[in-house]
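Below: the structure, in C-alpha cells.
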Amino acid sequence: MSDSETGFGKGCHLHLIDGSAYIFRAYHALPPLSRKSDGLPVGAVAGFCNMLWRYLGENGSSADAPTHAAVIFDYSSKTFRNEIYDLYKANRPAPPEDLRPQFPLTRDASRAFNLATIEIEDFEADDIIATLARQAREAGGRVTIISSDKDLMQLVGGGVEMLEPMKNKVIGVEDVREKFGVGPERVVDVQALAGDSVDNVPGAPGIGIKTAALLINEYGDLETLLDRAGEIKQPKRRAALLDNAELIRISKRLVQLDDQTPLEVTLEDLEVRAPDAQALLGFLNDMEFRTLTRRVADHFGTTPPALPATPAAPARNAVPGEDPAPLEQPDFAAAEYVCIRDLDTLKDWITRIEDRGYVAVDTETTSLDEMRAELVGISLCIDAGTAAYIPMTHRAGGGDLFGATELVEGQLPLNQVLSLLKPVLEDAAILKIGQNMKYDAKIFANLGISVAPIDDTMLMSYALHGGLHGHGMDALSDRYLNHQPVAIKSLLGSGKSAITFDRVGIDDATRYAAEDADITLRLWELFKPRLHTAQVTRVYETLERPLVRVLAQMERHGIKVDRDVLSRMSNAFAQKMAGLEAEIHELAGESFNVGSPKQLGEILFDKMSLAGGKKGKTGAYATGADILEDLAAEGHDLPARVLDWRQLSKLKSTYTDALQDHIHPDTGRVHTSYVITGAVTGRLASTDPNLQNIPIRSEEGRRIRTAFVAEKGKKLVALDYSQIELRILAHIADIDSLKAAFRAGQDIHAMTASEMFGVPLEEMTPEIRRQAKAINFGVIYGISGFGLARNLRIPRADAQGFIDRYFERFPGIRAYMDATVEFAKTHGHVETLFGRRIHTPEINTKGPGAGFAKRAAINAPIQGTAADIIRRAMIRLPQVIEDLPAKMLLQVHDELVFEVAEDAVETVTERVRAVMEAAAEPVLRLDVPLVVDAGVGDTWAEAH
DNA sequence: TGCGTCACG
DNA sequence: GACGTACGTGACGCAC
C-alpha cells in the first residue's frame, strides 16, 4: 500500500548495491570461516555483513545520503541470455561448495539490515539495476550504483554514476570514456565487438577494446559499422567483421542490459528504512558473529543477546512462535491507558505519532458487519504500555424503549477527531498497524478516509504460523504475550441481551480498547523481525498485505442481487417441500420431522427395518446422501423423496431465504466478507454470506445464480482458471506426459484414461474418462484406495488396482508425494511454489490421524500454489482495469467475477485474462500454460 | 455448542 | 498390518 504522495522524484537519491558482486568479493577476500555451533560455512556472509554495516555507517551520516536503496542479487547463473547464446558464461566455474549454502544467507542478511532485497528469476542483477536506474532517472532522481562491474558502465550518465566500493571511487562519464574509448551510450557497441573471455561473449576475433572504440568512433555506431564493414581498409579487420556479423549482433544482445525487467516493487518501496535493532541483532546472533553483534549492539545502545549455550538451530528450521516473548516489555497490569477527551491531548498524541512514524490503531464499532457498523471510538498505541482511547459516540447505557440516543458527555465530536486523524491515517510516512486491518480500513473508508500504508499482525501471524493455530487477537495475545485480554463478552454480554459497544461505559471501553491497540503493537514488534528469520517476508509483503486493500474494495462494492427472483424461488420451493413432506409422512405411516436425521434414521432403520443402518459415534443412524442414494437405488421411495426434500430445504434455507437477508438496504447489493486467513492453504474464505458455495452443479440450484445480476447497462464477466491444480501438479511433480498434454491443449482426463487403460483417444468412452477424472482429482487430494472406491462406487480392490496402474504410468507423482511427506516430516511444514509455508504439526503423529496429515501435506502445496497465483492476479488487477468502467466483485478460488459496462466487456476480458494467465510470472515460470476461460452475461448463471 | 448434512472449488 | 480415509471451506437445522 504505497502511496503516490511519497513518489520517487526530483531530489531523491537511489543507491543500488550489486549484492552478488559483494558476496564473491567477500568470499575471496576472507579466510574460510564456519559457525562454531554447527560448522555452517559463513565466511562470505560475515564479510557481506561487515560491508553492509560499513556501508550504512558511511552513508547514514553523509550529506549525500541515499533516500532510497536496494540490494540486488543474481537469481541463478542461468538467465534469458542462455537462450540467446547457450555458451554465455559457460566457462564460469561453478561456485565453490562452501559458498553455495551462503547465498540464501546473504539474502537474509540484507533483509536483516532492513534493505530492500531484489532478485528475479531469469534475469541478472545487472538487468534489475538497469531497470531501476532507468525508472529513477525518468522520475528525475539521482542514482549511484555500488559496483565495479564494467558491464554496468553502459548505464552511467544523466544522473547515474557508479561507486567503486573498495576504493570508494566515483565512476562518471569521463571514467567510462577513459576505459572504453567511447561514451556510455556506445559501451555496448564496443563490448559487442571486443567480446569478453570471462563471460564468454564471442565478439569479433582479433578485435579488442582499443580497435573496437576506434571503429565505433569512426562509423558512429555498431549497425552502421556492420553495414559498411566492406569499406574497412585493413583486410584482417574487414574479414573479422564481415565473417562474424551475426556473432557480433548476438554479442551485443548479450552485453546489452535489459532495462525493462518485470519488477514486483516500485521505487517508492525502496525508501531507506533504519535497521530494526532486534531483527538485525537476532540475525547476527544466529550467525554467531560476536564482534559485529557487539558493535551493532553498542551502536543501538542495547546489550548484545547472549549466544545460545547449545548449538543454535538454523533459523530456517526454527518453529516460529515457540520462542518466549521478550522479557523487557512492560507489564500489562502496569499499563496506564489514557482516555482522550479534549483537543489538546489529541493533538499531543498526534505529534507523538508523527515523531514515531508508526502507530497501532483499532476501531470500536456497533457491529461486526463493516457495512452496517457505526464508529464509536478509536484506540491508538505508540509504545508497549502507552495507549489511548478516543470515545466519540458512546450513548447512555440504560436507554429507554425508544432507544435513548443522547451522547454521553465528555467526548470529542466524531467529525473533529476524524479531521485531525485523517492526515495521520493517510500519511504515507506513518505506518498504521492493526489486527485484521481490513475491518478497520473499511470502517474508515465508509468515513472517507483511505488508510495507508498498513501492517497487519493477523496476516503476519498467518504468514508465520499458518497451520499451527488460529490468528485471532485473543489467541495470539495468550500465546505470544502470555496475556489474556479483557473479553469483549464481559462488556457486551452475549445472546439476546447483548448490547452494542456504544452502550459500554467509557472507563470500561478505554481499558478494553486501548489494551487491544497495546496488544497489537506488541505483537507487531514481536512478529516483524520474525518474518525475516522465518523467510516469509516475501509471502507477507506480496501475497498477504496488498490483498487488504483489494478485498476491502471488492467487499464494499458488493454484487447486486435481485430479491424478487429469490423470493419467487423460495415460494416455489416451499410448495414443493410441503408436497414431498406429505408424501414422506404417508410412506412412513406417521408424521415426523423430515429435517431431523435422528428421527429419519429411526423411521428408516427401526420402523421400516431397511438394511444398511449404521450408527455413528453419537449413537444416531447415519442418513447421509450416499446412504439414502443406495436405499433409493434398491427401489425404496421414502429415501428418494427425502433426498429431494433435502435438496430443496438446503436451497431454500441457505440460499433463497438467507441471501435475501444479506441484501444491504442502501446499496441493494450483497457484501460478503473474505477471510484472508480463513484457510491454511492460502485460499480465501467467504462469510456473511458465503458467496463461494452458491449452487451450480444441480440444474435446480444453478437457477439461484440468475438472482446475481449486473447493474443496468452492465454485464457480469466471469473468468476462471482451467484445471489449475492439475497443471500445478504436472509442474511440481514434473510429469512430462501431463505437461505435454497441457501444452498441446488436450483433454487431460481423456489423456490420463488413454495412458492408464490403453484406450486410444478416438475410442474413449465417457465412462472410462469419468473414472480417469476421479483418479486425477484423487491424486490432488492424496489418493487412497478406499476414497476412490467410495467416490466411484466400485470395489476397493478395483480402485486400488487403478491407483497402482496410475503410479506405474506416472511414477513422478508417487515420487512427489513421498518427497512432500518426507519434507513435512523433517521441516514441520510444506511450501507452495511462492514460499508460503503451511505447517504440518500432525505429520509425525501415529494412528488414525497419520493418513489425514499426509494427505493434507500432499494437497497443500498444490492447492496453496493455485491460491497464491490467483492472489497475485487479484493484487495486480485493480491497476490494470483502473481506467475502465469495470469492478472486480467476487473470488471463488479459481474464478473472478467482474461487473463491466457493456461497451468495455471485450477490453476488460482480454486484459484480465492476460493478467490471470501470467500471474505466476515473473517469480515463477511454469512448465505448463495457465489457461483462463471467460463468460459474459446479465446474470452470474449466464456468465459462467 | 457439537454434529450431521450439503453447498462450492 | 491395522488404523479409517479422499483436499479445502461455511451455513443451516436439530438436539443437547
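Computed over heavy atoms, backbone and side chain alike; hydrogens, waters and symmetry mates excluded. Letters A, B, ... are given to chains in the order of the sequence lines, protein chains preceding strands, and every chain is numbered from 1.
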Do the side-chain N and O atoms of [X] and [Y] include a donor-acceptor pair separated by under 3.5 angstrom?
{"X": "A/Asp688", "Y": "A/His662", "answer": "no"}
{"X": "A/His557", "Y": "A/Glu555", "answer": "no"}
{"X": "A/Gln692", "Y": "A/Ser686", "answer": "no"}
{"X": "A/Ser570", "Y": "A/Thr656", "answer": "yes"}
{"X": "A/Gln800", "Y": "A/Asp804", "answer": "yes"}
{"X": "A/Gln599", "Y": "A/Asn593", "answer": "no"}

Could you tell me which residues satisfy side chain to side chain contact (heavy atoms under 4.5 Å, CB included) with A/Ala710, sequence neighbours excluded, listed by chain and number?
A/Lys714, A/Leu716, A/Glu899
Proximity to the side chain of [X] - top-ranked nucleotide from [options]:
{"X": "A/Ser596", "options": "B/dT5, C/dA15, C/dG10", "result": "C/dA15"}
{"X": "A/Arg855", "options": "C/dG10, B/dG9, C/dA6", "result": "C/dA6"}
{"X": "A/Ala685", "options": "C/dT9, C/dA6, C/dC7", "result": "C/dT9"}

Applying side-chain contact (heavy atoms from CB on, under 4.5 Å) to A/Leu628 and A/Arg646, what does each step give before you reach the verdict?
CA-CA 11 Å; A/Leu628 297 190; A/Arg646 276 198 184 156; 3.6 Å; yes
In numerical order, the residues of residues 790-803 of chain A whose heavy atoms come under 4.0 Å of DNA chain C are A/Arg790, A/Asn791, A/Arg796
For C/dA15 and A/Gln599 - does any side-chain N or O of the residue sit under 4.0 Å from the phosphate oxygens OP1/OP2?
yes
Given B/dG9, is OP1 or OP2 found less than 4.0 Å from the side-chain N or O atoms of A/Arg697?
yes
Polar atom pairs between nucleotides 11-13 of chain C and protein, under 3.5 Å, N or O only, would you list them?
from   : atom 1 : to       : atom 2 : distance (Å)
C/dA11 : OP1    : A/Asp688 : N      : 2.8

Give one of base, sugar-phosphate or nothing for [X], where a contact means two heavy atoms less than 4.0 Å apart.
{"X": "A/Ile862", "answer": "nothing"}
{"X": "A/Leu684", "answer": "nothing"}
{"X": "A/Ala853", "answer": "nothing"}
{"X": "A/Ile783", "answer": "base"}
{"X": "A/Ala625", "answer": "sugar-phosphate"}
{"X": "A/Gly624", "answer": "sugar-phosphate"}

Please state the C1' separation for the pair C/dA2 and B/dC6 - nearest whole angstrom.
31 Å
If the P atom of B/dC3 is compared with that of C/dT5, how far apart are they to the nearest Å?
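B/dC3 and C/dT5 have their P atoms separated by 14 Å.
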Pair listing, ring-ring contact (aromatic ring centres under 6.0 Å, His included) test, anchored in residues 849-869 of chain A, at least two apart:
none
Which helical stems does DNA chain C take part in, if a stem means at least 3 consecutive Watson-Crick or G-U pairs with both distances below 3.5 Å?
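As far as DNA chain C goes, consecutive pairing (with distances under 3.5 Å) yields the stems B:1-9 with C:7-15.
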Hey, can you pull the donor-acceptor pairs under 3.5 Å for the side chains in residues 601-610 of chain A, sequence neighbours left out?
from     : atom 1 : to       : atom 2 : distance (Å)
A/Asp606 : OD1    : A/Tyr621 : OH     : 2.6
A/Lys607 : NZ     : A/Ala588 : O      : 2.9
A/Lys607 : NZ     : A/Glu590 : OE2    : 3.0
A/Ser609 : OG     : A/Asp606 : O      : 3.4

So how far is it from A/Phe573 CZ to A/Leu566 CG, rounded to the nearest 0.5 Å?
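Separation between the atoms: 9.5 Å.
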From CA spacing to verdict: salt bridge (Lys or Arg N to Asp or Glu O under 4.0 Å), A/Lys576, A/Asp644
CA-CA 9 Å; A/Lys576 276 197 194 172; A/Asp644 291 343; over 6 Å; no
